[in-house]
Amino acid sequence: MTTGDLSTLLVWAATTAFTIAWIAYTVDLAGIVEAGQRRAGQRRASTSRARAVPAGVAVTAGAPVAVGAAGLVSGASADAVRPATVAAGGPDDNRVTAAADGGAADGPDGRSARSEGIARSTTYLGTALLIAGIVMRGVAAGRWPTANMYEFTLVGVLVASVVLTLVQRRRVIAFVGVVVLGITVLALAADLLLFYVKAEAVQPALQSYWLVIHVGVAISATGVFTVAFAASALQLLSAAREEGRSHLTGSWGAADGLRRPLAGWRVTGPRFAWLKQVPGPRNLEALSFRLNAVGFVLWTFTLIGGAIWAEHAWGRYWNWDPKEIGTFVAWVVYAAYLHARTTRGWNGRRAAYLVFAGYAVVIANFTLVNLFVSGLHSYSGLK
Amino acid sequence: MSGYRPEGLHDTFVPEHDADAAEPVLPAQDGAGELPAPGSPTLPSLGPVGWLRWAWRQLISMRVALLLLVLLAVAAVPGTLIPQRAQSPEKVASFLTNHPALGPFLDRIGMFDTYTSVWFSAIYLLLFISLVGCILPRTRAHVAALRGRPPRTPRRLTRFPAQGTGTSGDQPQVVVERAARVLRRGRWLPFWPAYRVDLHDEGAGTWSVSAERGYLRETGNLLFHLALVGLLVSVATGQVLHYRGQVLVVQGHGFANAEVAYSPFEHGRFYSSSSLVPFTLKLDQLDARFDPETDAARDFTAHVTVTAPGGGSSTDTIKVNHPLMVGGANVYLMGNGYAPDVTVKDASGSVAFAGPVPFLPQDTVYTSRGVIKVPDVSGGQKQIGLVGFLLPTGKEVAPGVWRSVSPQSDDPVLVLSVWSGNLGLDTGVPQNVYLLDQSRMTQSVDSAGKPVTLYVHPGQTVQLPDGLGSFTFNGLPRYVALDLRHDPALAFVLTFALLALAGLAASLFAPRRRIWLRAARDQGPTTVVSAAGLARGDDIGLQPELDRVLAATLGRREGPGEDTP
Ligand code: HEM
């Protein structure tokens with residue numbers, strides 16, 4: 001077996017480990033969902049509470065916002081001017097901490113310590129296998145392994161899984177695990193089955209230390225954006241539940257037949273009761289922002305580094321090549337996001353839409369532009 | 001707060017009623033005498049000046065900046081889907097022929113020149129005007145703030161997001177002075193004051209300290225935005241001053257740096273031909289390496305000799321990713337190929353053409369297409385055109401079917417068909433040197449009426465059909481395609497880009513914090529210390545920082561407890 005084959009094998013093994021981790025997170029999430037449904041049933045039987053507002057300290061405009069030390073994230077301060085409802089150190093938080101501290105059996109909230117343990121250790125394992133696979137790949141090709149789409153995806157997945165591990169270190173959020181690992185497994189499978197190319201040396205245009213810097217930073221940015229995207233998605237769900245807003249409750253008029261079977265999936269319903277487990281929308285927003293801020297600086301550097309490299313390799317730092325345009329569009333969308341966050345009426349939910357748009361552009365720029373648009377950046381290695 | 005704040009910007013440093021006051025965008029805002037009172041809805045009385053000011057306020061508002069950013073992103077997309085003239089003119093041409101109805105319409109609205117079109121330029125220029133209008137007042141306010149002092153300690157410290165309390169046996173003044181020392185001392189750089197600190201004697205034995213840090217955050221933000229303006233200006237400057245020329249150089253040959261040497265040659269509006277330094281450059285040798293298995297390119301190195309205008313010459317190399325700097329310009333290796341060196345003699349036996357003719361590689365094994373045009377035949381004869389392929393390592397894979405099997409010139413063969421007649425070079429219409437205008441030419445055929453094909457190896461001479469003359473394949477030198485480019489603004493573009501990056505990082509990651517600490521004597525001998533912190537934006541480090549300052553001040557975890565009660 002050659003070193004290249006060994007690398008491929010390791011990547012397959014990593015994919016398997018990530019799949020197990022994904023399943024474990026899904027089981028964990030399902031348990032939480034079920035417990036939520038159970039509790040909702042009990043509650044309906046006893047008292048009727050109108051909305052699922054976490055029982056915490058309800059804080060309104062101008063009053064103190066004391067979330068400092070509690071939870072994974074704090075920093076609701078920027079939003080203090082808005083009428084806000086922030087749970088701070090209430091009973092919910094205590095329960096979550098207790099569970100995260102590792103009770104052996106399943107808690108009343110449905111979290112499964114066993115699933116979370118499996119998820120965590122298989123994520124570590126997958127990450128380690130992936131690192132080994134990438135290193136072997138570099139050895140087989142005799143160069144830094146970020147030269148084509150296959151390798152780019154490998155390293156991008158690695159960054160995402162590392163960021164995921166960091167985010168989950170203190171407090172497991174099963175949903176983020178499910179989203180990120182879902183993307184991870186799909187990306188690895190697509191990578192192995194569709195984008196695979198043999199490990200070999202690169203053409204002269206790629207023989208530059210910029211292959212390490214520019215591409216490496218682009219990959220890191222993509223990985224960070226991926227986790228931020230998951231946080232923003234969760235933020236919207238969490239916000240919709242907190243505000244009791246769902247598109248699936250009202251009638252859809254003529255298309256109502258379509259809606260009814262989906263009604264069980266309304267975000268306000270018992271299936272989403274687990275959302276009480278996760279940090280509130282404002283904390284998720286803050287988490288997403290911090291990740292996006294890091295991602296954006298990295299992306300800016302990708303843009304600048306790419307331009308410097310283009311200047312060396314093609315004799316023009318900017319050529320409106322499809323890849324350059326895609327990078328530029330993503331950059332502008334994320335810049336818009338940063339501005340939206342500080343603009344009244346545009347922060348919160350609408351800012352999250354811009355995160356989705358930005359992430360979609362990043363992914364499209366990677367997949368669609370590589371595969372279907374020809375340009376100077378046609379380095380996927382696929383014919 | 002007197003400083004300018006963009007509309008809608010959440011600033012937790014500003015009390016809420018202020019935040020709301022900053023919201024309206026009517027020109028009345030800054031209370032100019034002739035304008036309606038703040039909040040007055042009587043818009044019609046604004047007058048033209050008032051409307052202009054209102055429009056200006058709108059333009060520099062965050063909301064409009066946001067809109068323009070989104071618009072810019074959307075406007076940039078079509079350029080990936082529709083071919084662009086600047087990048088691929090041939091694709092634009094074929095699009096126009098394939099879509100006779102849609103094409104001209106798209107052309108009229110600038111869809112083939114998106115990035116220089118009026119609407120695209122309008123968006124980014126408006127954005128930059130908005131940015132300048134937004135950032136200049138902020139800069140002024142920030143410069144003033146840089147000279148300011150931390151705000152006095154608020155009376156109630158309980159309404160801030162970060163809190164802390166403690167007790168000490170020392171006098172309030174001693175405690176507060178110690179806190180000031182802790183706050184001033186930088187955590188990472190001991191000589192770089194971390195906080196700007198003020199002490200306040202609040203009377204009745206109560207002392208407090210107010211501290212502020214993180215002016216770097218706003219500085220970074222302003223730097224970032226101003227650097228973007230610098231970037232735009234330097235890119236534009238480069239555009240009007242630059243020049244770029246393309247030239248093919250065959251091994252053993254050279255060229256002199258003058259406009260006539262290049263084809264094509266393009267330049268900005270304010271370029272002057274005197275900026276071309278008249279050096280000469282000669283290609284001594286091109287080394288090309290390929291992967292033995294896959295034939296993929298591995299290395300190209302052009303060895304050149306450059307002769308300066310003064311006469312001194314030196315040798316150097318040009319590689320992909322390693323342009324050569326000469327005469328204030330960069331020379332890039334853009335491509336390479338083979339240029340068969342041939343001699344054509346006409347029917348009367350005199351040399352009608354001699355020299356290398358560049359052929360264009362079509363694939364990874366350098367199957368190259370080319371045309372040899374021979375207009376200078378002696379008196380009254382037909383002009384000759386030879387069209388066909390060069391196979392660097394030719395192999396007859398089936399009877400009459402030849403293919404190149406390697407990019408290296410191990411066994412080259414020229415496969416040519418022969419045309420004669422009028423090449424059309426004197427019609428005044430510029431011709432593509434790689435295409436033969438067949439409209440006034442006829443192809444030579446054999447007795448069976450089939451087109452004649454010549455297979456010629458280096459060193460061979462063959463007779464041309466129809467008694468046109470003879471053809472000799474002398475050898476197969478390589479050629480390189482070079483781009484010569486001069487852009488005097490490059491250094492500025494890079495500098496502003498890096499400044500923008502640094503400013504961005506500072507504005508996103510430098511924490512902006514205020515910390516207050518008050519020490520008051522209890523009834524007894526203890527001093528009660530309360531502290532509070534406030535940060536701008538999301539700041540997970542605030543509470544830990546407050547805890548650290550408090551601990552250090554009270555001597556809790558800090559080294560030898562010199563002042564523990
Ligand atoms: C070329 C267009 C622009 C780009 C690419 C851009 C980019 C950025 C970026 C990346 C940030 C992030 C830094 C941060 O969040 O602190 C930022 C912040 C900011 N921008 Fe812009 N910007 C542009 C135009 C404008 C305009 C026109 C305005 C004013 C109307 C503006 C006002 C601001 C303000 C006030 C902040 C700070 C927000 C905060 O305090 O967090 N920008 N900009």
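Quick note on labels: first sequence line is chain A, next is B, and so on, each numbered from 1. For clarity, every value in this text was computed on a predicted model and none was experimentally measured. Because only heavy atoms are used, hydrogens play no part in the values below, and waters and symmetry mates are left out as well, while side chains stay in.
- Side-chain N or O atoms of Gln84(B) include one that pairs as donor or acceptor with a backbone N or O of Met111(B) at under 3.5 Å.
- Most heavy-atom pairs under 4.5 Å with chain B: of the set Val361(A), Leu354(A), Val329(A), this distinction falls to Val329(A).
- Proximity to chain A (any heavy atom under 4.5 Å) is restricted, for Val493(B), to the side chain, taken from C-beta onward.
- Neither the backbone nor the side chain of Leu303(A) comes within contact range of chain B, judged by heavy atoms closer than 4.5 Å.
- Highest contact tally toward chain A, considering only Asn321(B), Leu498(B), Leu501(B), is held by Asn321(B) [criterion: heavy-atom pairs under 4.5 Å].
- If you measure heavy-atom distances from Val294(A) to chain B, the contacts under 4.5 Å come from both the backbone and the side chain.
- Arg217(B) places a side-chain N or O within donor-acceptor distance of the main-chain N or O of Ala510(B), the cut-off being under 3.5 Å.
- For chain A, the nearby part of Leu494(B) is the side chain; its heavy atoms alone come within less than 4.5 Å.
- Residue contact with chain A, scored on non-hydrogen atoms closer than 4.5 Å, is absent for Leu68(B).
- Ranked by non-hydrogen atom pairs under 4.5 Å with chain A, the options Val320(B), Thr114(B), Val331(B), Leu484(B) are led by Val320(B).
- Using a 30° and 60° split on the angle between ring planes, Tyr334(A) and Phe296(A) fall in the tilted class, from 30° to 60°.
- Residue contact with chain A, scored on non-hydrogen atoms closer than 4.5 Å, involves the side chain of Arg244(B) exclusively.
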**Message:** With salt bridge (Lys or Arg N to Asp or Glu O under 4.0 Å) as the criterion, how do Arg289(B) and Asp287(B) come out once you've worked through the C-alpha distance, each side chain's angles and the decisive distance to 0.1 Å?
**Reply:** CA-CA 7 Å; Arg289(B) 270 197 314 109; Asp287(B) 293 337; over 6 Å; no
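- Most heavy-atom pairs under 4.5 Å with chain B, from the set Gly315(A), Ala313(A), Ala293(A): that is Gly315(A).
- Contact count against chain B (heavy-atom pairs under 4.5 Å) is highest for Phe301(A) among Phe301(A), Trp210(A), Tyr337(A).
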**Asked** Where do Glu324(A) and Tyr317(A) land on the side-chain hydrogen bond (donor to acceptor under 3.5 Å, both in side chains) test, with the steps shown first?
**Response** CA-CA 10 Å; Glu324(A) 290 172 351; Tyr317(A) 56 82; over 6 Å; no
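- Surrounding CZ of Phe492(B) are at most 12 heavy atoms belonging to other residues, nucleotides or ligands under 6.0 Å away.
- Proximity to chain B (any heavy atom under 4.5 Å) is restricted, for Phe328(A), to the side chain, taken from C-beta onward.
- In this structure, His486(B) contributes its side chain and Tyr243(B) its backbone to no donor-acceptor pair below 3.5 Å.
- Relative orientation of the Trp331(A) and Phe224(B) rings is tilted, given thresholds of 30° and 60° on the angle between their planes.
- Neither the backbone nor the side chain of Phe290(B) comes within contact range of chain A; no heavy atom of the residue lies under 4.5 Å from a heavy atom of that chain.
- The backbone N or O of Asn319(A) sits nowhere less than 3.5 Å from a side-chain atom of Tyr115(B) that would complete a donor-acceptor pair.
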